[in-house]
Student: 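Let me give you the structure first, and then I'll get to my questions.
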Amino acid sequence: NENPLGSAALAGTAFPIDRTFTTNELNFSSTSNNSIDSVSDRDFVIEFLSVSSITSIHLSRMAEEIVIWSTDQFNFIKLSDKFTTGSSIMPQKRNPDAAELTRGKSGRIIGSLVAIMTVLKGLPLAYSKDLQEDKEGIFDAFDHLQLSLNACIGMISDLEVNRTAMLSSACLGYTTATDLADWLVMELNVPFREAHSLSGKAVKYAEKNKCSLKDIPIEVFREIDKRINNKVYSFLSIESSVNSKNSYGGTSPKEVKKQITNAKKRFLS
């Protein structure tokens with residue numbers, strides 16, 4: 001937010017102008033210090049497009065999650081008709097159009113960033129007509145980033161969560177194996193390297209006997225390591241695993257709610 005007025009064509013001017021006056025009147029944060037740089041650089045365009053590209057990448061990744069989670073194979077969420085359309089050939093299919101378009105818009109926005117950097121990389125100082133190419137990309141990126149943000153806000157506000165399917169999936173793959181290792185460290189003072197190995201033995205038993213970790217009999221746990229006691233079961237449920245991740249910024253419900261509160265203070269105040 002630097003004021004370029006008074007840089008003239010490139011070298012400043014011999015007239016007794018007051019650049020500070022225009023800076024204050026137009027609410028710039030400061031006056032640019034280099035007249036040639038003021039005329040020739042487009043850092044403000046690059047920075048805006050860079051931030052827009054980073055934002056669009058994160059939106060794209062989130063949109064990809066929504067696309068995957070809404071498939072029949074996952075069935076974690078359901079999008080309403082507001083953000084989906086019917087397939088042109090398959091009557092039963094609901095296409096997550098808003099998510100797919102958000103994912104696709106990232107390429108367009110990143111393309112605008114690459115375009116202006118490519119224009120700038122070969123220009124001599126100071127002004128060249130090539131710099132007129134900065135307008136279309138920045139305006140286009142602004143419009144499509146705003147569209148993507150609105151689409152994601154709408155989808156997330158409107159989607160339905162299939163808690164049963166998500167919980168069922170979370171129970172697959174022995175996801176609490178790390179919690180078992182952590183318990184061995186915290187409760188029994190077992191070095192993590194050893195705890196990792198013991199937890200692996202428990203997983204092998206569960207795989208062989210087609211059961212979950214919390215269904216392994218205490219006798220079997222004691223065969224793995226005689227120090228294990230019944231307290232271990234309190235650490236082997238999905239609920240306890242999620243609730244235990246309570247370090248600052250962690251994924252426990254308590255910490256997630258705290259960060260939601262912090263985000264509202266940042267963005268809504």
Student: Taking the side chain as C-beta and beyond, is there a heavy-atom pair between Ser241 and Phe235 under 4.5 Å?
Tutor: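 Not touching, per the 4.5 Å side-chain cut-off.
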Student: Between the side chains of Ser56 and Ser106, does any donor sit under 3.5 Å from an acceptor?
Tutor: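 No, no side-chain donor-acceptor contact under 3.5 Å.
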Student: Could you report the tightest heavy-atom contact between Gly250 and Glu255, atom names first, then the distance?
Tutor: O-CB, 3.5 Å
Student: Show your working on salt bridge (Lys or Arg N to Asp or Glu O under 4.0 Å) between Glu194 and Arg227 and close with a plain yes or no.
Tutor: CA-CA 13 Å; Glu194 182 182 351; Arg227 293 169 291 182; 2.9 Å; yes
Student: So does Cys211 get a backbone contact from the side chain of Asn209, meaning a donor-acceptor N/O pair under 3.5 Å?
Tutor: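 Pair absent, no side-chain N/O of Asn209 close to backbone of Cys211.
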Student: Evaluate the criterion side-chain contact (heavy atoms from CB on, under 4.5 Å) for residue pair Ile228 and Trp183; output intermediate values, then yes/no.
Tutor: CA-CA 10 Å; Ile228 298 177; Trp183 180 84; 4.1 Å; yes
Student: Once rounded to the nearest 0.5 Å, what's the spacing between atom CD1 of Ile238 and atom OG1 of Thr175?
Tutor: 3.0 Å
Student: Looking at side-chain heavy atoms only, is the closest gap between Leu184 and Leu198 below 4.5 Å?
Tutor: yes
Student: Working to the nearest 0.5 angstrom, can you tell me the gap between Asp81 CG and Arg94 CZ?
Tutor: 5.0 Å
Student: Restricting to non-hydrogen atoms, name the atom on Ser7 and the atom on Arg19 that form the minimum distance, rounded to 0.1 Å.
Tutor: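 In this case the closest contact between Ser7 and Arg19 is OG-NH2, 3.7 Å.
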Student: Between Phe221 and Ala202, what is the shortest heavy-atom contact and its length?
Tutor: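 That closest heavy-atom pairing would be CE2-CB, 4.0 Å.
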Student: Do Val119 and Leu49 sit in one hydrophobic cluster, given that two such residues count as connected whenever their side-chain heavy atoms are within less than 4.5 Å of each other, even indirectly?
Tutor: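 Linked, Val119 and Leu49 end up in one cluster.
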Student: Using a 4.5 Å cut-off on heavy atoms from C-beta on, say whether the side chain of Asn1 contacts that of Ser30.
Tutor: no
Student: At what distance, to the nearest 0.5 angstrom, does OG of Ser52 lie from NE2 of His144?
Tutor: 12.0 Å
Student: Under the side-chain contact (heavy atoms from CB on, under 4.5 Å) rule, what do Met117 and Leu120 come out as? Steps first, then yes or no, please.
Tutor: CA-CA 5 Å; Met117 289 195 297; Leu120 284 167; 5.8 Å; no
Student: Taking CZ in Arg61 as the centre, count heavy atoms belonging to other residues, nucleotides or ligands within less than 6.0 Å. Is the count above 12?
Tutor: no
Student: Taking CD in Glu136 as the centre, count heavy atoms belonging to other residues, nucleotides or ligands within less than 6.0 Å. Is the count above 12?
Tutor: no
Student: Hey, is Lys231 close enough to Glu187 for a salt bridge, meaning N to O under 4.0 Å?
Tutor: yes
Student: Taking side chain as C-beta onward, heavy atoms only, is Ile77 less than 4.5 Å from Asn162?
Tutor: no
Student: Taking all atoms of both residues into account, what is the closest heavy-atom pair of Asn230 and Ile218, and its distance?
Tutor: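 So the two residues come closest at OD1-CG1, 3.5 Å.
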Student: Is there a side-chain contact between Asn262 and Gln259, using heavy atoms and a 4.5 Å cut-off?
Tutor: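 The answer is yes, as the side chains (C-beta and beyond) meet within the 4.5 Å cut-off.
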Student: Using 4.0 Å as the upper bound for N to carboxylate O, is an ion pair formed by Glu207 and Lys204?
Tutor: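 No salt bridge links Lys204 with Glu207.
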Student: Ignoring hydrogens and geometry, is there a side-chain-to-backbone donor-acceptor pair from Ser169 to Ala165 under 3.5 Å?
Tutor: no
Student: Kindly indicate whether the side chain of Thr31, heavy atoms from C-beta on, has any atom under 4.5 Å from the side chain of Glu2.
Tutor: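 No, every pair of side-chain atoms sits at 4.5 Å or beyond.
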Student: Strictly below 4.0 Å, N to O, side chains only: are Lys245 and Asp179 in salt-bridge contact?
Tutor: yes
Student: Verify, without hydrogens or angle tests, whether Ser240 (side chain) and Ser234 (backbone) share a donor-acceptor contact under 3.5 angstrom.
Tutor: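 Looks like yes, one N/O pair under 3.5 Å.
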Student: Determine whether a donor-acceptor pair (N or O, by modelled atom type, separation under 3.5 Å) exists between the side chain of Thr261 and the backbone of Lys257.
Tutor: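 It does hold such a pair.
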Student: Starting from the C-alpha separation in whole Å, work towards a yes-or-no answer on side-chain contact (heavy atoms from CB on, under 4.5 Å) for Leu145 and Lys105.
Tutor: CA-CA 8 Å; Leu145 179 60; Lys105 294 294 183 185; over 6 Å; no
Student: Within the distance-only criterion (no hydrogens, no angle test), does the side chain of Ser80 pair as donor or acceptor with the backbone N or O of Lys82 below 3.5 angstrom?
Tutor: yes
Student: Are Trp69 and Val161 grouped together when hydrophobic residues (ILVMFWY) are joined by side-chain heavy atoms under 4.5 angstrom apart?
Tutor: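 Cluster IDs for Trp69 and Val161 match.
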Student: If you count the non-hydrogen atoms of other residues, nucleotides and ligands that lie under 6.0 Å from OH in Tyr233, is the total more than 12?
Tutor: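 Enclosed.
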Student: Is there a donor in the side chain of Ser212 and an acceptor in the side chain of Asp215, or the other way round, less than 3.5 Å apart?
Tutor: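 Indeed, the side chains of Ser212 and Asp215 share at least one donor-acceptor pair under 3.5 Å.
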Student: State which residue, out of Asp158, Thr84, Asn95, Asp97, fulfils the side-chain contact (heavy atoms from CB on, under 4.5 Å) condition with Leu79.
Tutor: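 Looking at Asp158, Thr84, Asn95, Asp97, the match for Leu79 under the side-chain contact (heavy atoms from CB on, under 4.5 Å) is Thr84.
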Student: Is it true that Glu219 and Lys226 have a side-chain N and a carboxylate O under 4.0 angstrom from each other?
Tutor: no
Student: Please report the interatomic distance SG(Cys152) to CE(Met62), rounded to the nearest 0.5 Å.
Tutor: 4.0 Å
Student: Quick one: does any side-chain atom of Thr102 pair with a main-chain N or O of Ala98 as donor and acceptor, under 3.5 Å?
Tutor: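 Present.
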Student: Between the side chain of Thr13 and the main-chain N/O of Phe15, is any donor-acceptor distance below 3.5 Å?
Tutor: yes
Student: With the threshold set at 4.0 Å, does a side-chain nitrogen-carboxylate oxygen contact exist between Asp225 and Lys201?
Tutor: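 No, Asp225 and Lys201 are not salt-bridged.
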Student: Do Leu213 and Val242 share a hydrophobic cluster, counting only Ile, Leu, Val, Met, Phe, Trp and Tyr and linking them when any side-chain heavy atoms are less than 4.5 Å apart?
Tutor: no
Student: Is it true that a side-chain atom of Ser168 and a backbone atom of Thr164 form a donor plus acceptor pair closer than 3.5 Å?
Tutor: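 Side chain of Ser168 to backbone of Thr164: no pair is present.
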Student: Side chains of Asn3 and Thr23 only: does a donor on one sit below 3.5 Å from an acceptor on the other?
Tutor: yes
Student: Verify the cluster assignment for Tyr127 and Leu10: are they in a single hydrophobic cluster under the rule of side-chain heavy atoms below 4.5 Å apart?
Tutor: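 Different clusters: Tyr127 never reaches Leu10 through Ile, Leu, Val, Met, Phe, Trp or Tyr contacts under 4.5 Å.
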Student: Answer whether the closest heavy-atom distance between the side chains of Ile153 and Ser157 falls below 4.5 Å.
Tutor: yes
Student: Please evaluate residues Lys78 and Leu159 with respect to the criterion side-chain contact (heavy atoms from CB on, under 4.5 Å), reporting the C-alpha separation (whole Å), side-chain torsions for both, the decisive distance (0.1 Å), and the verdict.
Tutor: CA-CA 6 Å; Lys78 181 180 179 181; Leu159 62 80; over 6 Å; no
Student: Shared ILVMFWY cluster between Val203 and Val190, side chains joined below 4.5 angstrom?
Tutor: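 Same cluster: Val203 reaches Val190 through Ile, Leu, Val, Met, Phe, Trp or Tyr contacts under 4.5 Å.
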Student: Working to the nearest 0.5 Å, report the span between CG of Leu113 and CZ of Phe48.
Tutor: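 It comes to 11.0 Å.
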Student: CG/Leu123 to CZ/Arg42 distance, rounded to the nearest 0.5 angstrom?
Tutor: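 Going from the CG atom of Leu123 to the CZ atom of Arg42 covers 9.5 Å.
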Student: Could you tell me which non-hydrogen atom of Phe192 sits nearest to which non-hydrogen atom of Ala181, and how far apart they are?
Tutor: CE1-CB, 3.9 Å
Student: So which heavy atom on Tyr205 is nearest to which on Pro217, and how close?
Tutor: OH-CD, 4.1 Å
Student: If you count every heavy atom of other residues, nucleotides or ligands that lies below 6.0 Å from Leu268 atom CG, does the total exceed 12?
Tutor: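 Atom CG in Leu268 is packed in, count exceeds 12.
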Student: Quick one, Leu180 and Thr176 - any side-chain contact, counting heavy atoms below 4.5 Å?
Tutor: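 Not in contact.
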Student: Got a sec: does the CZ of Phe139 have more than 12 other heavy atoms crowding it under 6.0 Å?
Tutor: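 Not more than 12 within 6.0 Å, no.
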